[in-house]
Enquirer: 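Here you go, one structure.
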Amino acid sequence: MNKWPKQVTIKEVGPRDGLQNEKTQIATEDKIAWINQLSKTGLTYIEITSFVHPKWIPQLADALEVAMRIERAPGVTYAALVPNQKGLEKALAAEVDEVAVFMSASETHNRKNINKSIEETFPVLEEVVKTAKRAGKTVRGYVSTAFGCPYEGNVSIEQVIRVSERLFAMGIDELSLGDTIGVATPKQVLELLEAVLQRFPKEKLAMHFHDTRGTALANILVSLEMGITTFDSSLGGLGGCPYAPGASGNVATDDLVYMLHGMGIATGIDVERLTATALFIQDKIGRPLSSRYLQTIAR
């Protein structure tokens with residue numbers, strides 16, 4: 001019996017999670033052009049930037065300009081990552097459609113990433129979530145290091161659930177569980193989802209896998225079999241985390257689309273347009289991107 005869904009939603013995080021770790025400074029005009037191209041591929045969700053302090057992520061210092069100057073396509077949700085109330089004010093000024101808040105399941109990673117303990121982070125995020133909801137925005141919550149931490153190693157399922165419960169209690173609309181350093185294996189994904197799905201509906205969950213050790217697509221396959229239908233990915237496999245040493249890029253959108261389409265699962269994405277868009281940003285980055293699909297094109 002086929003346990004796979006008929007359709008999957010892919011949330012493109014390349015312009016934010018993909019670019020944030022890139023050493024090559026990408027021109028604002030090129031970011032805008034890239035997002036405009038992404039808007040024409042059939043994607044229905046693009047995370048366009050992050051309103052964090054430029055000191056922490058210099059690559060995204062032009063967040064406000066990018067968010068205000070892109071051409072918005074009907075039917076596409078344009079989201080941005082927001083760390084606090086100050087970042088939210090800018091995101092609301094830029095009229096993003098969805099606000100994303102973030103924290104870690106690991107205490108050490110949370111301190112390195114946000115400069116606060118997990119307990120200190122909750123009230124900051126709660127204020128952001130409630131303000132964003134009052135402004136009529138949907139809110140997404142990210143839980144980083146849900147499968148392992150670069151500093152602490154194993155992260156318990158109980159800890160992931162504790163953080164997730166607090167985020168849902170604040171009023172988030174969707175929770176994205178992140179394998180920030182790409183350590184997860186299919187067995188681990190199965191065990192976490194078995195526990196998480198007892199507490200939260202699958203429709204409110206997304207998975208965010210990095211492909212550091214080549215297991216991202218295998219982990220997505222297990223997630224599909226568990227009923228998950230929303231996945232974050234980054235075109236070309238761009239990305240990494242500045243506060244997670246050794247973390248390589250997100251699972252590549254183009255690799256994911258190839259796999260899903262080959263399985264008869266619809267995404268609504270035009271492969272030719274997606275490939276052209278991947279080649280555009282690869283040229284701007286100035287090096288070959290890691291996606292297997294792009295490597296086949298280059299031959």
Enquirer: One pair to check against side chain to side chain contact (heavy atoms under 4.5 Å, CB included): Thr229 and Thr9. What are the steps and the verdict?
Expert: CA-CA 6 Å; Thr229 58; Thr9 299; 5.8 Å; no

Enquirer: Excluding sequence neighbours, so at least two apart, what forms salt bridge (Lys or Arg N to Asp or Glu O under 4.0 Å) with Lys133?
Expert: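 For Lys133 the salt bridge (Lys or Arg N to Asp or Glu O under 4.0 Å) partners, ignoring immediate neighbours, are Asp173.
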
Enquirer: Check for a donor-acceptor pair, side chain of Glu12 on one end and backbone N or O of Thr253 on the other, with a separation under 3.5 Å.
Expert: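 Flag not set: sc Glu12 to bb Thr253 has no pair under 3.5 Å.
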
Enquirer: Once salt bridge (Lys or Arg N to Asp or Glu O under 4.0 Å) is applied, do any residues pair with Asp30, and if so which ones, sequence neighbours excluded?
Expert: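 Asp30: salt bridge (Lys or Arg N to Asp or Glu O under 4.0 Å) contacts with Lys284.
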
Enquirer: Would the distance check show the side chain of Thr41 and the main-chain N or O of Ile269 forming a donor-acceptor pair, the cut-off being under 3.5 Å?
Expert: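 Such a contact is absent between Thr41 side chain and Ile269 backbone.
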
Enquirer: Just wondering, more than 12 heavy atoms not from Arg273 lying within 6.0 Å of its CZ?
Expert: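 No, the 6.0 Å shell around CZ holds no more than 12 heavy atoms from other groups.
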
Enquirer: Near Arg111 CZ, under 6.0 Å, is it more than 12 heavy atoms from other residues, nucleotides or ligands?
Expert: yes

Enquirer: Walk me through it: do Met103 and Leu125 pass the test side chain to side chain contact (heavy atoms under 4.5 Å, CB included)?
Expert: CA-CA 9 Å; Met103 64 180 300; Leu125 297 192; 3.9 Å; yes

Enquirer: With a 6.0 Å cut-off (strictly less than), is the heavy-atom count around OH of Tyr258, excluding the residue itself, greater than 12?
Expert: no

Enquirer: Tell me if a side-chain donor or acceptor on Glu152 pairs with a main-chain N or O of Thr108 at a distance below 3.5 Å.
Expert: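 At least one qualifying donor-acceptor pair exists.
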
Enquirer: Can you find a heavy atom in the side chain of Ser106 that is under 4.5 Å from one in the side chain of Val155?
Expert: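 In short, these two side chains touch, coming nearer than 4.5 Å.
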
Enquirer: Side chain to side chain donor-acceptor pair (under 3.5 Å) with His208: which of Asn250, Thr230, Thr180?
Expert: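 When Asn250, Thr230, Thr180 are each tested with His208, the side chain to side chain donor-acceptor pair (under 3.5 Å) holds only for Asn250.
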
Enquirer: Whether the Ser50 and Gln20 side chains hold a donor-acceptor pair (N or O, under 3.5 Å, no angle test) is what I'd like checked.
Expert: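 Judged by distance alone, the side chains do not pair up.
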
Enquirer: Look up atom CG in Asp232 and atom CZ in Phe209, then write down how far apart they are to the nearest 0.5 Å.
Expert: 10.0 Å

Enquirer: Are Val143 and Val124 connected in a single hydrophobic cluster, I mean Ile/Leu/Val/Met/Phe/Trp/Tyr linked by side-chain heavy atoms less than 4.5 Å apart?
Expert: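 Looking at the clustering, Val143 is in a separate group from Val124.
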
Enquirer: Give a yes or no on whether the backbone of Tyr293 and the side-chain of Asp255 come within a donor-acceptor separation of less than 3.5 Å.
Expert: yes

Enquirer: Would you say the side-chain atoms of Gln159 pair up with the backbone N or O of Ala105, donor to acceptor, closer than 3.5 Å?
Expert: yes

Enquirer: By salt bridge (Lys or Arg N to Asp or Glu O under 4.0 Å), which residues pair with Glu95, not counting sequence neighbours?
Expert: none

Enquirer: With a cut-off of under 6.0 Å to the ring centre and 45° to the axis, is Arg140 in cation-pi contact with Tyr45?
Expert: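 Yes, a cation-pi geometry holds between Arg140 and Tyr45.
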
Enquirer: Rounded to the nearest 0.5 Å, what separation is found between the OG1 atom of Thr131 and the CZ atom of Arg134?
Expert: 4.5 Å

Enquirer: Do Met68 and Lys90 touch side chain to side chain, with heavy atoms closer than 4.5 Å?
Expert: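 No, side chains not in contact.
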
Enquirer: Take a 6.0 Å sphere around CD of Glu272 and say whether it holds more than 12 heavy atoms from other residues, nucleotides or ligands.
Expert: no

Enquirer: Between Thr121 and Asn110, do the side chains contain an N or O donor and an N or O acceptor separated by less than 3.5 Å?
Expert: yes

Enquirer: Using modelled atom types only, decide if a donor and an acceptor are shared between the side chain of Asp97 and the backbone of Tyr78 within a distance under 3.5 Å.
Expert: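 Present.
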
Enquirer: If every non-hydrogen atom of Asp211 is compared with every non-hydrogen atom of Ala216, which pair is closest and at what distance?
Expert: OD1-N, 3.0 Å

Enquirer: I'd like to know if the side chain of Gln59 and the backbone of Ile26 have a donor-acceptor N/O pair within less than 3.5 Å.
Expert: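 Answer holds: yes.
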
Enquirer: Looking at Gly87 and Val82, what are the two nearest heavy atoms and their distance?
Expert: C-CG1, 3.8 Å

Enquirer: Does the distance from a Lys or Arg side-chain N to an Asp or Glu carboxylate O, for Arg162 and Glu158, drop under 4.0 Å?
Expert: no

Enquirer: Pair Tyr151, Thr145 - check side-chain hydrogen bond (donor to acceptor under 3.5 Å, both in side chains), show working.
Expert: CA-CA 10 Å; Tyr151 309 103; Thr145 62; over 6 Å; no

Enquirer: What heavy-atom pair brings Ala146 and Val160 nearest, and what distance separates the two atoms?
Expert: O-CG2, 3.4 Å

Enquirer: So is Arg213 actually on top of Phe147's ring, under 6.0 Å and inside 45° of the axis?
Expert: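 Because its charged atom misses either the 6.0 Å distance or the 45° angle limit, Arg213 does not stack over Phe147.
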
Enquirer: Could you tell me whether the side chain of Glu71 and the main chain of Gln37 form a donor-acceptor pair under 3.5 Å?
Expert: no

Enquirer: So which heavy atom on Val189 is nearest to which on Ser223, and how close?
Expert: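 Smallest interatomic distance, heavy atoms only, reads CG1-OG, 3.5 Å.
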
Enquirer: Taking the side chain as everything from C-beta on, heavy atoms only, tell me whether Asp62 gets closer than 4.5 Å to Lys31.
Expert: yes

Enquirer: Would you name the heavy atoms of Pro5 and Ile265 that are closest together and state the gap between them?
Expert: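 Answer, listing the atom of Pro5 first, then Ile265: O-CG1, 3.4 Å.
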
Enquirer: Nearest heavy-atom pair of Thr212 and Gly182: which atoms, and what distance?
Expert: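 Heavy atoms of Thr212 and Gly182 come nearest at OG1-CA, 3.6 Å.
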
Enquirer: May I ask you to decide whether Arg69 forms a salt bridge with Glu29, counting only side-chain N to carboxylate O separations under 4.0 Å?
Expert: yes

Enquirer: Is there a side-chain contact between Thr277 and Ile281 in this structure, where contact means two heavy atoms from C-beta onward sitting under 4.5 Å apart?
Expert: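 No, their side chains stay 4.5 Å or more apart.
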
Enquirer: More than 12 foreign heavy atoms under 6.0 Å from NZ of Lys130: is that the case here?
Expert: yes

Enquirer: May I ask you to decide if His109's main-chain N or O and Asn113's side chain share a donor-acceptor pair within less than 3.5 Å?
Expert: no

